[in-house]
Amino acid sequence: MKNVDVIVIGAGAAGLFCAIEAAKRGRSVTVLDHAKRLGGKILMSGGGRCNFTNMYASHENFLSNNPHFCKSALSRYTQWDFIGLVCEHGIAYHEKTLGQLFCDDSAKDILNMLLAECKKAGVTITNQCEILSVQKSEAGFELNTVKGQFQSESLVVATGGLSMPKLGASPYGYQIAEQFGLKVLPTRAGLVPFTLHEQDKKVLAELSGISLDASASCNNTSFNENILFTHRGLSGPAVLQISSFWEPGQSVEFDLFPNGDLLAELQKAQQNQPDVQLSTALSSHYPKRYVQAALPYLGVENKPLKQYQGKQLEQAALAFHQWQLKPNGTEGYRTAEVTLGGVDTDELSSKTMEAKKVKGLYFVGEVMDVTGWLGGFNFQWAWSSGWVAGQVV
Ligand code: FDA
């Protein structure tokens with residue numbers, strides 16, 4: 001039986017960060033992970049450049065049944081603290097857009113930084129370690145694994161969500177929560193592309209590769225970024241963002257001219273070039289291929305601008321400002337960046353991430369019901385929640 005102060009299950013962003021902080025306090029820490037390769041999600045993240053935080057991160061960028069839960073951890077370990085660490089390690093980074101910070105070179109820089117910090121603090125990491133059982137003991141917790149038995153005073157569950165099972169995602173964290181009588185809220189895929197009903201797919205799949213500025217709205221929430229038509233459905237940042245707010249069966253409204261007044265543009269064109277077709281006028285704002293498919297799809301007649309009555313032109317503009325789409329569903333956990341729901345935050349202390357009912361049991365990162373928007377917020381939650389738990393485990 002290997003005896004340590006702290007066992008962390010899951011060597012992802014949150015687990016490694018918690019382990020580092022605990023080991024820096026002089027605790028003996030072992031991280032166990034069933035995956036062969038460590039930090040798979042970190043390496044894949046941000047298109048291989050890891051969007052490791054967001055300069056504007058605040059509690060408002062998170063979804064949770066209890067929107068206040070994340071406030072404490074985010075304010076105790078902030079994006080600026082993490083940026084400081086990145087700078088200490090000499091990692092070059094840049095702001096891509098909207099405060100999103102990415103490595104200049106590679107996501108490997110972030111993983112190597114975490115592993116270097118683990119080494120410096122004396123954290124041991126065991127991969128390919130399937131956990132067979134977890135039991136509460138007098139001294140804390142006993143784990144039976146394929147690599148032997150482990151015992152610890154504190155147990156940190158950092159197993160992440162369900163997205164990307166190929167990278168090691170599993171529901172084990174939820175099972176541990178349930179084993180100890182903690183409530184787990186229903187989970188679903190977030191930050192995920194939409195799939196389409198057949199009649200929409202027939203037209204829109206032809207537009208694969210086209211990206212448009214758009215604002216996507218649903219359930220009183222809007223994101224103004226861009227959307228991308230793909231051969232499977234609809235993706236792009238605005239779609240991924242709104243997917244976390246969308247419920248099956250609902251429509252999403254897209255404003256495809258989000259930063260201006262399309263009617264005013266068309267009226268101007270009608271005055272200046274009355275003989276040009278509507279499609280030609282629209283092609284100065286959208287890719288031609290899109291306009292050709294969009295007009296019949298949106299039910300807008302194409303004729304010379306001079307033939308439009310005021311109301312008709314208004315309707316044509318509205319069709320682009322208020323495109324209603326009812327997605328068929330989402331691509332699910334296979335491609336989702338995150339999992340919504342998870343261990344109910346009501347069961348945890350927002351100061352320490354410790355389970356209120358089970359002394360010594362902690363949950364950090366995505367396994368709990370705190371989900372960030374797209375843009376570096378999910379990693380910031382991993383750092384902040386891992387850090388606060390690391391101060392006490
Ligand atoms: P994470 O999933 O990182 O780690 C969990 C660990 O637990 C894994 O190593 C897994 O193998 C292990 N584990 C699971 N079950 C186990 C079991 N039964 N036994 C032992 N070990 C087990 N976020 C962001 O802020 N910026 C970005 O750029 C991106 N980009 C991005 C791209 C892609 C493709 C995905 C899928 C996700 C992102 N994200 C992101 C989201 C971000 O990666 C995610 O929120 C964090 O990695 C969550 O960190 P955790 O440590 O909580 O879980």
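The residues of the chain are indexed from 1 along the displayed sequence. Whatever order the structure lists them in is the order used to number ligands and atoms, beginning at 1.
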Which atoms from ligand 1 have a heavy atom of [X] less than 4.0 Å away?
X    : value
A35  : 11 (O)
N51  : 24 (C), 25 (O), 26 (N), 27 (C), 28 (O)
A336 : 36 (C)

Closest non-hydrogen protein atom to [atom], residue and atom name please, with distance?
atom                    : answer
atom 12 (C) of ligand 1 : D33 OD2, 3.2 Å
atom 2 (O) of ligand 1  : K41 NZ, 3.1 Å
atom 37 (C) of ligand 1 : E337 O, 3.2 Å
atom 14 (C) of ligand 1 : G168 O, 3.2 Å
atom 32 (C) of ligand 1 : S45 CA, 3.6 Å
atom 21 (N) of ligand 1 : H34 N, 3.2 Å
atom 4 (O) of ligand 1  : G12 CA, 3.4 Å
atom 45 (O) of ligand 1 : E366 OE1, 2.7 Å

Start with the C-alpha gap between E253 and S217, add the side-chain angles, then the distance that decides, and say whether side chain to side chain donor-acceptor pair (under 3.5 Å) holds.
-> CA-CA 5 Å; E253 182 172 299; S217 309; 5.6 Å; no
Given K201 and E198, is the salt bridge (charged side-chain N to carboxylate O under 4.0 Å, His left out) satisfied, shown in steps?
-> CA-CA 5 Å; K201 195 174 170 185; E198 207 43 49; 5.3 Å; no
Is it the case that more than 12 heavy atoms not belonging to K108 sit under 6.0 Å from its NZ atom?
-> no
For atom 28 (O) of ligand 1, which candidate among G190, G365, G46 provides the closest heavy atom?
->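 Selected option, by shortest heavy-atom distance: G46.
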Out of F377, Y333, F379, whose heavy atom is nearest to atom 27 (C) of ligand 1?
->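 Nearest option to atom 27 (C) of ligand 1, by heavy atoms: F379.
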Would you check whether Y172 has a nitrogen or oxygen atom less than 3.5 angstrom from a nitrogen or oxygen atom of ligand 1?
-> no
Of F17, W381, W383, which is the lone residue that meets ring pair (Phe, Tyr, Trp, His ring centres under 6.0 Å) with Y77?
->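 For Y77, the ring pair (Phe, Tyr, Trp, His ring centres under 6.0 Å) check succeeds only for F17.
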For ligand 1, is any non-hydrogen atom under 4.0 Å from M164's backbone (N, CA, C, O), its side chain (CB onward), both, or neither?
->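 The side chain, only.
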What part of F52, side chain, backbone, both or neither, has a heavy atom within less than 4.0 angstrom of ligand 1?
->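 It is neither; nothing of F52 touches ligand 1.
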Indicate, with yes or no, if the rings of F82 and F379 have centres closer together than 6.0 Å.
-> no
Is ligand 1 less than 4.0 angstrom away from at least one heavy atom of G40?
-> no
May I ask whether A158 places a heavy atom under 4.0 Å from ligand 1?
-> yes
Should the pair F102 and H94 be assigned to parallel (<30°), tilted (30 to 60°) or perpendicular (>60°) ring geometry?
->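 Judged by the thresholds at 30° and 60°, the geometry between F102 and H94 is parallel.
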